[in-house]
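To keep things clear, I will list the structure first and then write my remarks on it.
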Amino acid sequence: MRILRACHELGISTVAVYSDADRNAPHVRFADEAFHIGPSPARESYLVVEKILDVARRSGADAIHPGYGFLAENAGFARACYDAGLVFIGPSPYAIEVMGDKLTARQTVQAAGVPVVPGTAPGLSDDELLLAAEEIGFPILVKASAGGGGKGMRPVYALADLPAAIAAAKREALAAFSNDVIYLEKMISESRHIEIQLLADTHGNVISLGERECSLQRRHQKLIEEAPSFAVNSDLRQRIGEVAVAAARAVNYVNAGTIEFLMDREKNFYFLEMNTRLQVEHTVTELVTGVDIVQEQMRIARGRRLSLSQEEVAIKGWAIECRINAEDPYNNYLPSTGLITTSQLPTGPGVRVDTGVFPGFEITPYYDSMISKLICYGNTRGEAVLRMRRALEEYRIGGVKTNVPFHQHMMDSHRFLSGQFDTKFVEERFSMSEREAPHALEAAILAVLAAHEQSQRAGQIVDSGSGIRSNWKYYSRWDRLRR
Ligand code: MV4
């Protein structure tokens with residue numbers, strides 16, 4: 001839906017593909033043409049390269065946008081498009097391949113001067129790995145080179161446990177990825193996941209659109225993203241942006257891409273991985289930069305120049321995205337399937353909803369559980385949070401369980417409101433059953449609202465009574481929060 005919208009704005013006609021489960025999906029109706037490509041399991045439809053290429057040939061398509069998942073980071077697919085005379089709207093097969101292998105990616109960007117976590121080089125024997133581990137210091141993470149996104153990662157806290165962990169990691173990696181290359185990295189704890197959105201054209205221009213804060217995730221599934229990050233100021237933004245651009249240049253990167261960093265409490269940042277695709281959370285960057293990232297992808301793929309220079313990138317305001325998933329936050333986030341009966345979307349100032357479902361659509365177990373993205377924008381983080389609380393309250397989804405209560409609970413969380421969280425927060429310190437003490441909640445809300453009020457006053461002439469009047473509204477909301 002996101003990509004079709006960009007195409008339609010640009011006057012590009014569109015062809016969709018769909019499986020059995022997606023027969024009634026909105027993207028099928030929204031596209032100019034739609035082709036059925038097989039049964040519901042993705043292995044028999046969306047992941048079959050030949051079926052996709054066949055639709056491209058039959059429809060006379062010029063280019064393929066791979067979306068966010070499925071074949072989006074598959075170098076073989078990008079190459080097959082190229083061989084079939086089609087434009088793959090994304091980076092080169094070479095860039096996908098280099099960044100797809102996490103150890104090769106690490107080596108490549110390190111050679112370009114990008115900071116990486118202390119760790120091991122490729123090609124070490126098991127004995128050499130043990131020696132290197134002592135030098136790096138524990139705790140250590142054993143990572144699979146063919147893994148990524150948290151797959152095939154295991155923590156080791158003492159040298160005595162390392163040989164077994166290496167052996168197990170290799171076995172697992174071989175079974176999962178047919179590749180048993182592993183490497184070691186020092187474990188960086190209490191860290192944030194900060195990523196930089198990049199755009200690169202075929203004329204050698206590479207720009208950073210600033211960072212996203214993506215620490216709020218569970219089992220490597222992001223749940224809430226925001227831009228900018230509470231932990232990044234303009235000086236750090238510039239430095240980390242330059243490093244990200246250097247990482248992309250190391251593989252002659254073209255199109256939209258993201259460099260993931262870990263940032264520790266001292267604000268040291270380290271390259272983790274590159275995502276060589278458009279990401280789900282690109283929306284928050286769009287709202288704070290005013291850049292339509294998908295339209296830029298189209299321009300780039302047509303050989304045109306980026307529509308703006310690095311000097312023209314300005315971060316304005318704050319955006320937060322809540323991923324709305326069909327899952328039960330009160331039952332271990334169990335996926336929920338069934339017919340969507342109601343979908344009343346929030347609207348109004350500062351609210352964007354990107355959704356792929358509508359009433360009458362059936363949520364099946366075949367694909368992931370994300371059904372919608374709720375993105376709120378404000379001049380300040382406080383304003384964005386207040387709009388998110390309002391929008392979550394407006395949102396009505398019937399027929400399946402959703403994680404809306406999770407997001408509402410997060411928007412009440414003292415730690416979220418004060419920006420004090422890391423990648424472990426959701427799994428280790430956040431519980432749906434234990435709400436935080438009301439006094440902490442009130443203090444946190446007051447802090448956010450005070451900041452909001454201050455920003456509202458900045459540059460305005462206000463009469464002395466206005467602060468008191470607005471406080472009334474806040475008190476009346478507390479009553480609703482405590483219920
Ligand atoms: C790490 C790390 C700590 N230290 N590497 C997880 C996903 C993949 N991109 C790499 N990941 C991590 N690598 C070192 N050396 C912690 C994580 C990590 C994580 C990173 C980003 C977002 C969420 C995470 C959750 C758990 C672990």
Side-chain angles (χ1 to χ4, degrees), residues 68-69 73 98-107 109-110 114-121 129 132-133 135-157 162 165-166 169 172-173 176-177 181-197 211-227 229-232 240 244 247 257-277 279-281 284 321 323 333 410 415-416 420-430:
Y68 307 136
E73 292 186 289
V98 171
M99 291 303 184
D101 185 278
K102 304 310 161 189
L103 186 49
T104 311
R106 187 182 139 87
Q107 292 299 114
V109 305
Q110 187 177 24
V114 174
V116 298
V117 185
T120 56
L129 287 174
E135 203 145 302
I136 293 166
F138 287 84
I140 271 176
L141 282 174
V142 184
K143 295 189 174 187
S145 191
K151 281 179 298 213
M153 228 172 60
R154 60 173 66 218
V156 183
Y157 296 91
L162 192 55
I166 290 172
E172 268 178 29
F177 318 113
V181 177
I182 56 106
Y183 61 107
L184 309 182
E185 271 186 7
K186 185 172 184 64
M187 189 194 296
I188 310 290
S189 38
E190 297 185 58
S191 51
R192 291 173 183 261
H193 174 145
I194 304 282
E195 59 184 34
I196 299 282
Q197 175 69 56
E211 81 284 2
R212 291 187 285 261
E213 162 68 68
C214 300
S215 300
L216 294 174
Q217 51 82 49
R218 185 182 168 275
R219 300 194 174 170
H220 303 295
Q221 293 295 318
K222 292 169 187 162
L223 290 162
I224 298 175
E225 305 97 341
E226 47 185 306
S229 165
F230 198 89
V232 176
I240 197 166
T258 302
I259 311 284
E260 287 184 16
F261 293 95
L262 269 184
M263 201 168 86
D264 67 19
R265 287 169 69 94
E266 284 76 48
K267 312 236 164 157
N268 299 307
F269 57 87
Y270 309 93
F271 170 90
L272 269 187
E273 295 178 12
M274 179 172 197
N275 293 305
T276 57
R277 62 171 194 281
Q279 285 180 287
V280 167
E281 63 270 28
V284 290
E321 171 175 273
R323 296 190 184 196
Y333 302 83
M410 186 62 79
R415 286 194 160 263
F416 174 75
Q420 320 239 313
F421 51 80
D422 60 22
T423 59
K424 295 272 161 59
F425 179 64
V426 173
E427 281 169 46
E428 294 183 1
R429 310 190 61 157
F430 186 80

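Fair warning: this is a prediction, and the values are worked out from it, not measured in the lab. When a residue number appears, it is its place in the shown sequence, counting from 1. Whatever order the structure lists ligands and atoms in, that order sets their numbers, starting from 1.
Among all heavy-atom pairs drawn from K186 and V117, the shortest one is O-CG1, 3.2 Å. Nearest approach of A144 to I182, heavy atoms of both residues: CA-CG2, 4.2 Å.
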Note every protein N or O atom lying under 3.5 Å from an N or O atom of ligand 1, pairing the names and giving the distance.
unit_1: ligand 1; atom_1: 4 (N); unit_2: I188; atom_2: N; d: 2.9
unit_1: ligand 1; atom_1: 5 (N); unit_2: K143; atom_2: NZ; d: 2.9
unit_1: ligand 1; atom_1: 9 (N); unit_2: E260; atom_2: OE1; d: 3.2
unit_1: ligand 1; atom_1: 9 (N); unit_2: E273; atom_2: OE2; d: 3.0
unit_1: ligand 1; atom_1: 13 (N); unit_2: K143; atom_2: NZ; d: 3.0
unit_1: ligand 1; atom_1: 15 (N); unit_2: E185; atom_2: OE1; d: 2.9
unit_1: ligand 1; atom_1: 15 (N); unit_2: K186; atom_2: O; d: 2.7

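Looking at residues two or more places apart in sequence or on another chain, you find a side chain to side chain contact (heavy atoms under 4.5 Å, CB included) between K424 and D422, E428.
We find that E321 and R212 are not joined by a salt bridge, their nearest charged nitrogen and carboxylate oxygen being 4.0 Å or further apart. Under the 4.0 Å criterion applied to side-chain N and carboxylate O atoms, R192 and E211 are not assigned as salt-bridge partners. A salt bridge links R265 to E190: at least one charged side-chain nitrogen sits closer than 4.0 Å to a carboxylate oxygen.
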